[in-house]
Enquirer: 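Below is one structure. I have some questions about it.
FYI, side chains are in, hydrogens and waters are out, and symmetry mates aren't considered; it's all heavy atoms of this structure. Start at 1 and go down the list; that is how both ligands and their atoms are numbered. Just so it is clear, the structure is predicted and the values come from calculations on it, not from any experiment.
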Amino acid sequence: MSKSYHGSCLCGTVRFSVDGFSEQAANCYCSMCRKFHGAAFGTLVAVEGLVWLSGKDALKEYVAPNGTTRTFCCQCGSSLGFRVKGEPLEQIELAISAFDVDIPVTIDAQIYTDHKANWCELPSNIPAFSAGREE
Ligand SMILES: [Zn+2]
Ligand SMILES: [Zn+2]
């Protein structure tokens with residue numbers, strides 16, 4: 001049996017579990033992530049075995065001008081996820097901060113650092129990219 005990891009929004013309406021994670025996760029400093037997460041950066045992680053335990057009907061979506069979809073709780077506004085243009089809900093990358101437990105993920109990049117706020121200091125121990133990850 002695989003281990004599962006639970007997460008939820010601030011008000012607890014939306015609850016989910018996953019049983020695996022992508023090996024890559026980056027802190028993104030782009031203006032859309034900053035505004036959506038209300039923070040210096042946003043961090044999203046691709047997951048495996050996602051199950052919505054409650055509140056799936058409370059998920060609200062915002063489609064940004066570039067076609068990406070941001071998902072949040074309609075009750076409390078918690079930022080919950082992101083998906084690329086045209087992808088179904090099953091392909092959502094989850095906001096890493098929504099997890100209620102420690103998760104086996106290491107942040108291995110800082111991306112879109114050209115867009116960071118002046119008051120934000122980048123940690124020097126994580127590779128930084130001015131735009132997306134370099135291939
Ligand atoms: Zn909520
Ligand atoms: Zn971003």
Enquirer: What about the rings of Phe72 and Phe82, do their centers lie closer together than 6.0 Å?
Expert: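 Centroid separation for Phe72 and Phe82: 6.0 Å or greater.
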Enquirer: Looking at Glu90 and Arg83, is there a salt bridge between them, counting it only when a charged N and a carboxylate O are closer than 4.0 Å?
Expert: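 Answer for the salt bridge query: no.
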Enquirer: Which pair of non-hydrogen atoms, one from Arg34 and one from Ala40, has the smallest distance, and what is that distance?
Expert: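 So the minimum-distance heavy-atom pair works out to CG-O, 3.2 Å.
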Enquirer: Quick one: the SG of Cys73, the Zn ion (ligand 1), SG of Cys9 angle, rounded to 10°, please.
Expert: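 That angle works out to 110° after rounding to 10°.
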Enquirer: In a check of side-chain contact (heavy atoms from CB on, under 4.5 Å) between Ile111 and each of Pro127, Cys30, Cys28, which one passes?
Expert: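 Of Pro127, Cys30, Cys28, side-chain contact (heavy atoms from CB on, under 4.5 Å) with Ile111 is met by Cys28 alone.
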Enquirer: From the Zn ion (ligand 1) out to just under 2.8 Å, does an N/O/S atom of Cys74 turn up?
Expert: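 Given the 2.8 Å cut-off, Cys74 does not count as a ligand of the Zn ion (ligand 1).
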Enquirer: If the Zn ion (ligand 2) is the vertex, what is the angle to SG of Cys33 and SG of Cys28, rounded to 10 degrees?
Expert: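 Result: 120°, to 10°.
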